[in-house]
Structure formats: structure tokens, C-alpha cells
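Reminder, nothing fancy here: chain letters follow the sequence lines and each chain counts from 1.
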2 protein chains.
Amino acid sequence: MEATLGIEGGATKTTWVVLDAEGRVQATGRIGPGNVSLLREEELRALLAAIRTETGGQFHSIGAAFAGCHLAAQRERIAGLLRVFWPSAKRVVVAEDAHSAFAGAFGSGEGIVVIAGTGSNVRGYREGRWARAGGWGHILGDPGSAYDLAHIALQRVYDAFDATEGLVPLGESFLERTGQKDLEELFVYIHSDPSKDRIAALAPCVLESAAAGDRFAVDVVLSRCGLLADQVKCVAEKLRFDRPKVALVGGLFEHSEAYALLFEEQVRSRLAVSTVFVSRVPGAVGAARLADEAAEEHPGVEPKPSRILLRESATSLDGALTEERNPRSRFLDRKSVPELVELFLAEERLVEEALRERKEEIAAADRKSSYAVFCLKKK
Amino acid sequence: MEATLGIEGGATKTTWVVLDAEGRVQATGRIGPGNVSLLREEELRALLAAIRTETGGQFHSIGAAFAGCHLAAQRERIAGLLRVFWPSAKRVVVAEDAHSAFAGAFGSGEGIVVIAGTGSNVRGYREGRWARAGGWGHILGDPGSAYDLAHIALQRVYDAFDATEGLVPLGESFLERTGQKDLEELFVYIHSDPSKDRIAALAPCVLESAAAGDRFAVDVVLSRCGLLADQVKCVAEKLRFDRPKVALVGGLFEHSEAYALLFEEQVRSRLAVSTVFVSRVPGAVGAARLADEAAEEHPGVEPKPSRILLRESATSLDGALTEERNPRSRFLDRKSVPELVELFLAEERLVEEALRERKEEIAAADRKSSYAVFCLKKK
């Protein structure tokens with residue numbers, strides 16, 4: 001058996017995937033939250049026991065990536081637990097979810113991955129070295145994340161109210177979304193539960209307003225994703241990158257073309273890049289890739305990128321940065337995680353053909369994105 | 001009986017004071033937390049019942065100011081409760097704590113009060129009109145507050161680490177204060193309980209570093225208290241103030257001369273003011289003043305400033321903005337709330353004499369504060 005188990009634990013769900021020796025998907029599934037900073041020991045055990053029940057115990061390699069998994073001691077503890085449930089595994093690699101996102105986007109290649117979901121994070125890899133910027137969570141950083149966009153936009157709505165006693169349109173959008181009457185009520189609403197998720201849930205208001213050309217919202221998005229682009233520059237400089245590939249991962253990029261466009265523009269205004277693309281490879285697949293090429297077998301090893309599955313990551317070039325999505329990418333958006341995995345990994349030939357067909361479109365993405373940003377700015 | 005009961009409820013404690021018809025302190029006390037946004041109905045009842053037991057039920061007026069008391073509906077509900085416990089009171093005024101701070105600093109006078117403790121807030125009153133800026137809480141605003149200073153300083157320490165892989169001295173100070181080994185551990189520490197108070201508790205690191213001349217910390221303080229000074233300007237413009245008096249209230253101003261100096265400088269660079277002074281009148285006394293001159297008797301009335309106790313607020317000119325405190329102000333710092341109340345209100349003659357004695361010193365405060373800020377910047 002040369003099968004690999006990939007697990008990715010996030011704030012709201014944990015997904016897993018079983019790959020055969022050729023990297024083909026054998027099974028997938030999902031289960032409850034997997035942010036290891038928030039889970040108690042017995043909850044983590046229960047999570048792993050449930051996956052063990054579904055997948056069985058025979059794996060050559062296990063790659064597991066978790067949100068909140070920052071300290072080496074944490075990684076070692078989790079690797080130890082994985083060995084309890086899968087004692088015959090030859091390789092066990094535990095990492096942060098940023099590493100699985102990187103492996104999903106680049107396989108064994110070099111590049112910079114930018115994650116923007118509820119939080120944000122930037123990681124680069126070149127010539128055997130990793131570099132990071134950000135990823136410090138919603139209190140300490142995470143510029144350009146859903147939390148950050150909504151948070152700063154809220155602050156500016158209140159600032160504008162203080163200055164003018166008036167409500168900007170984005171403020172109206174916040175009131176509508178939360179069902180509050182005025183900014184006083186919204187104030188009470190926010191402070192009654194100022195949780196990360198509740199605030200992050202208001203990011204779509206900001207992005208939709210920006211996409212509709214609202215100058216106030218565009219300014220918020222530009223300033224905050226500009227800070228995230230600063231982090232890309234910072235990582236590129238640390239690694240002395242010449243025109244890196246930049247992969248965009250996470251809900252903000254996947255669900256808002258306006259955001260991806262504005263962000264790409266900010267990146268390109270700061271450094272020369274060879275390409276900027278949205279990666280849609282599921283995190284659990286990225287996690288499986290981590291284990292695939294781990295040089296050493298001890299728990300907590302700093303993972304090296306995987307080679308086996310490199311060819312699939314090219315699918316992430318799928319036109320998210322072009323102005324209009326092609327029908328296939330719309331189709332992908334509505335698929336479940338297992339369906340996505342099937343599509344990306346089992347139907348390799350289709351993917352290759354699709355890419356070949358759309359070469360011109362991809363090449364044109366630059367011009368189109370600049371145009372779209374121009375349109376947004378004009379309004 | 002023309003006695004007045006003053007109550008001020010804050011995040012960590014509630015204080016009360018009983019004043020006789022001449023505004024002299026008859027009794028004082030303190031009890032548990034009184035942020036009405038965080039208290040359940042029965043907790044608020046228990047709080048009032050305890051005060052009722054201590055003070056008895058015979059008051060002509062009751063002035064009660066609470067943190068988190070933003071909505072008219074809240075104020076009416078609380079006024080209703082007060083009438084349950086003190087049914088014979090002729091006047092019941094409920095307000096936000098910002099109003100009691102104003103009444104404490106200015107009595108019936110005009111001016112702008114700036115509050116900077118765990119949170120921040122700016123309120124002005126002129127010719128029968130109130131204006132506000134800020135006070136939207138730690139998520140939506142509160143620039144220049146303890147939470148904000150520590151929060152932004154933390155973010156900048158992590159930004160500096162991302163850029164240089166190095167720890168700035170202020171970062172070392174944070175690690176020492178929290179007992180963490182490095183920024184990864186501090187990250188876990190912060191996110192394991194990212195509460196307002198825990199982060200605000202790191203503000204002294206920032207202020208002490210700034211006072212010691214650390215450029216990084218000075219920059220954080222200047223930028224954040226600059227935003228608070230913007231709010232002062234905003235309120236001054238709303239009220240068309242010509243050279244307003246500006247009163248500084250709260251722990252940051254009282255405990256950090258460096259902060260008061262830097263803030264004063266930011267205010268003076270933005271608008272012409274007649275004076276900037278630290279007010280140390282206890283909040284419960286301010287609350288009592290609110291009731292004193294309330295024009296109408298129905299609950300929830302927007303309070304007017306009080307006249308009776310105006311003369312005491314002059315004590316707040318006490319030299320906090322001069323470079324060296326005089327012995328009497330040091331003495332005040334170590335006194336308990338009841339002792340402070342006694343000193344401020346019962347010993348009126350002493351206060352008048354002290355002010356007369358120190359006229360020259362107060363007049364010199366401007367020059368001295370500018371000099372001290374210059375020294376800080378030079379380092």
C-alpha cells in the first residue's frame with residue numbers, strides 16, 4: 001500500500017482525502033472544525049478517530065495541515081497523535097495550513113502563495129528556503145482578510161459619521177445586512193459579540209460595494225489589500241525572487257473577482273511577477289502533497305514541496321483573473337469538495353485539454369485585469 | 001432632603017457618592033462592574049439594590065452614568081429601575097459615562113472632554129448643543145485608548161518582524177510583560193484570549209517605552225493620539241468653538257505624563273485652544289452633577305451641565321501637564337476614591353488657595369509641555 005492520507009483542519013471544517021500511489025483520489029470526506037489552537041486534546045482525538053473509522057488504517061504517508069498550528073511543539077504533539085491512530089504510516093508530516101495551500105498551488109515548484117479568507121497569510125519558497133510575512137491572526141495582523149476588510153470598513157463608516165453626521169452608502173449596506181436601524185444599534189450589535197467570524201461575515205458588503213464602483217469601498221479594499229501586497233513584496237525580497245509566480249488561495253479570491261483584480265493590481269504595482277493566478281486545489285490535497293516528498297520521517301519536520309502532483313496545480317490558472325468566467329469555472333464554483341477533487345485530480349486529461357484551449361485567454365488576463373480595475377476606479 | 005445620589009458604572013467597578021444640598025460629600029462607596037451593555041437585568045437590579053442598602057432611599061435627585069449606555073431605550077429602562085429603588089426621587093437622569101466625565105470637568109461650563117482609558121471618547125458642549133466624535137468601542141474605533149495603543153503597537157512589532165526577522169525593543173518589552181519567549185508564543189498567548197482588557201493591559205509597555213524616548217513607541221503613540229486629536233478638532237468644528245477648553249479624563253492621562261504631553265501637542269497642532277488640562281474629578285461626582293440641573297424630570301433626558309459644583313472642577317488644572325508634579329498632586333494619586341472626593345469637594349478653601357498659589361505654574365504649562373515633547377522627539 002502506497003496510499004497517502006491528506007487532512008486539512010480549518011476553523012469551520014476539516015476535510016480529508018485518500019490518494020493512491022499515482023496521486024488519484026480514492027475517497028474524500030469532511031468533518032467538524034479543526035483549528036488546533038481551539039480544540040481540546042480529546043476533541044482532536046475524536047476528530048482523528050472519526051477519520052480513522054472512515055479511511056481505515058493503511059497509509060504509507062500522512063500529511064496533515066491545521067489552522068492555528070504554529071509552534072513546533074504543537075506539530076510534534078499532533079504527529080504523535082497521528083501515529084497512535086495510524087501506527088504503520090512510514091511518513092507523518094504536520095504543518096500549518098499555509099503550507100498545504102502552498103503545496104496545493106505549486107507542488108514542488110517555487111513561488112509565493114497568498115491566502116485571503118477570514119484571515120490572511122503570505123508564504124514563499126525558493127531554493128530550499130521558506131519565507132513568511134503576516135499570518136499573525138486577526139488581532140495582530142491579517143491585512144486584506146475578510147475580517148480586516150470588514151473591520152476597517154466599519155471603522156471608516158463610523159469615522160465618516162463622526163465627521164459629517166451622515167451615513168455613507170456602505171454603512172447602509174452594513175445596516176441592511178445586520179438588520180440594524182442605525183449606527184448606534186449596529187454599535188450595540190457588534191459589541192454584543194465582536195467575534196472574528198461575525199465581523200468577517202460583513203466583508204461581502206465591502207466587496208460587493210467595491211465591485212459596484214462605490215469609491216468609499218474601493219478605497220478600503222485598495223488600502224487593505226495594498227498592505228497584503230506589501231507582504232508579498234517583503235517575501236519576494238527575503239527570497240531574492242526574480243519575477244515569482246504568485247498563487248492566490250482562499251474565499252476572498254475565489255468568490256470576488258473584484259477583490260482578486262484589485263489585489264493583483266496592487267501586487268503588480270510593487271514588484272515584477274511572472275504570473276498571478278487563483279489556485280482552487282482543495283487544501284486536503286495540498287496536505288497530502290506535503291507528506292509525499294518529506295525528506296525525513298520524524299514528526300514535525302519542516303515540509304518540502306511535493307513533486308508527484310505538480311501537474312494538477314496548473315488547473316489553478318483557471319480564469320479567475322479574467323473578466324468573465326468561462327462556463328467550466330462557474331461549474332466548479334458550485335461543486336462540493338469531493339466533486340472538485342474528482343474533477344481536478346481524476347480527470348487529468350480534460351484539464352490539460354482545457355488549459356491548451358484557453359492559452360490565449362490566460363495570456364490576455366493581464367490586460368483585462370488592468371482594464372477592469374480602471375473601470376472600478378473611474379466610477 | 002435635597003440630597004443627590006451620583007452613580008458611575010464602568011467596566012471594572014461602580015462607584016457612588018451622596019452629596020448634600022450644598023454639594024458636600026456625605027458618603028461614598030464602590031461595588032462591582034457596571035457596564036450596562038454587559039450586565040443582565042438581574043445583575044443590574046442586584047447592583048442597585050446593594051447601593052440602595054448602603055445609601056438609603058431619600059434623594060431629591062439621582063444622576064447615574066454608565067459605560068455602554070448608548071441607546072435612549074437603555075437609558076429609559078435604567079431610569080425606570082432607579083425609580084423602583086428610589087421611588088421618591090424628583091429627578092432621575094441616566095446618561096453615558098462620557099456625560100458624567102464632562103460634568104465632572106466643566107460643571108455647567110462649555111468645553112471639550114477627551115476620555116482615554118481602556119477606550120476613548122470625545123464630547124463637546126457649547127451654547128446648549130452637544131457634539132461627539134469617537135467612543136464607538138475598541139472594535140469600531142477608540143483611537144488613542146489603551147486598547148488601541150497596545151493593539152497597534154503589537155501589529156507594528158509583528159510587521160517589523162516580518163520585514164526584518166528581528167525583534168524591536170518594544171517587542172522585547174511585550175515578551176517580558178507577558179512572560180512569553182518569542183513572537184510565536186506571544187501570538188498564541190494573545191489569540192488564546194484576545195479580550196479588550198488583556199490587550200489594553202499592554203499599553204503601559206508602549207507608554208513607558210515612549211517616555212524613555214524609544215522612537216518606535218513614540219511613533220505609535222503620536223500616530224494614534226493624533227487620531228484622537230483629529231476627533232477633538234472635529235467636535236470643535238461641529239460646535240464652532242473658538243479656543244475651547246479641553247479637559248483630559250481617564251487613566252492614560254492620569255498615569256502617563258508622556259502621553260498627556262504628546263496628546264496635548266497633537267491637539268495644539270490642530271486647533272487653537274484656551275487650555276488643556278487633566279481633570280481628576282471622580283466620575284460619580286460628575287454623575288451627581290448631571291442630575292443637579294436636569295431641566296426636565298422624565299427618564300432618559302439628555303442631561304444639561306450642572307452649575308452647583310462648577311468651582312471644584314478648577315482643581316483639575318492641577319499640574320498634570322507641567323513637567324514635574326507638585327507634591328500635592330502626587331499625594332492625590334495615592335488617595336482612594338472617597339479620599340479624593342473629600343479632598344476635592346469638602347476642602348474648597350484649600351483648593352482655591354492652591355490655585356491662587358500656582359497661577360504662574362499653570363500659565364507656564366504650555367511652554368514646558370512643548371519642551372518635554374521636543375526632548376522625547378530628539379531621542
Item to complete: Pull out the residues in residues 178-187 of chain B that come under 4.5 Å of chain A, heavy atom to heavy atom, sorted by number.
Response: Leu183(B), Glu184(B), Glu185(B), Phe187(B)
Worksheet, complete the sentence: Greatest number of non-hydrogen atom pairs under 4.5 angstrom with chain B, of Gly134(A), Gly135(A), Pro143(A), Ser192(A), falls to Gly134(A)
Worksheet, complete the sentence: Applying a strict 4.5 Å limit to non-hydrogen atoms, the region of Lys233(A) in contact with chain B is neither
Worksheet, complete the sentence: In terms of heavy-atom pairs under 4.5 Å with chain B, the winner among Gln231(A), His191(A), His138(A) is His191(A)
Worksheet entry | Spacing of CH2 belonging to Trp136(A) relative to CD belonging to Gln155(B), to within rounding of 0.5 Å | 13.0 Å
Worksheet entry | Nearest non-hydrogen partners of Arg132(B) and Asp162(A), listed with the distance | O-OD1, 4.1 Å
Worksheet entry | Euclidean distance, Ile199(B) CD1 relative to Ile139(A) CD1, rounded to 0.5 Å | 4.5 Å
Response to the item:
Residue set satisfying ring-ring contact (aromatic ring centres under 6.0 Å, His included) with Phe66(B), at least two apart, ordered chain then number -> none
Worksheet item: In Å and rounded to the nearest 0.5 Å, what is the CG to CG distance from Asp159(A) to Asp230(B)?
Response: 9.0 Å
Item to complete: Side chain from CB out, backbone as N, CA, C, O: work out which of these in Glu237(A) comes under 4.5 Å of a heavy atom of chain B, or both, or neither.
Response: neither
Worksheet item: Using a cut-off of under 4.5 Å for heavy-atom pairs, which of Gly141(B), Gly137(B), Pro194(B) has the most such pairs with chain A?
Response: Gly137(B)
Item to complete: Verify the neighbour count for atom CD of Glu176(B): are there more than 12 heavy atoms of other residues, nucleotides or ligands below 6.0 Å?
Response: no
Worksheet item: With a 4.5 Å limit on heavy-atom distance, are the side chains of Leu140(A) and His151(B) in contact?
Response: no
Worksheet entry | For the student: nearest non-hydrogen atoms of Glu165(A) and Lys238(B), plus distance | OE2-NZ, 2.7 Å
Practice prompt. Provide the closest heavy-atom pair for Cys234(A) versus Ala163(B) in the form atom of the first, atom of the second, distance.
Written response: SG-CA, 3.9 Å
Discussion item. Tell me if the CG atom of Asp242(B) is crowded by more than 12 foreign heavy atoms within 6.0 Å.
Written reply: no
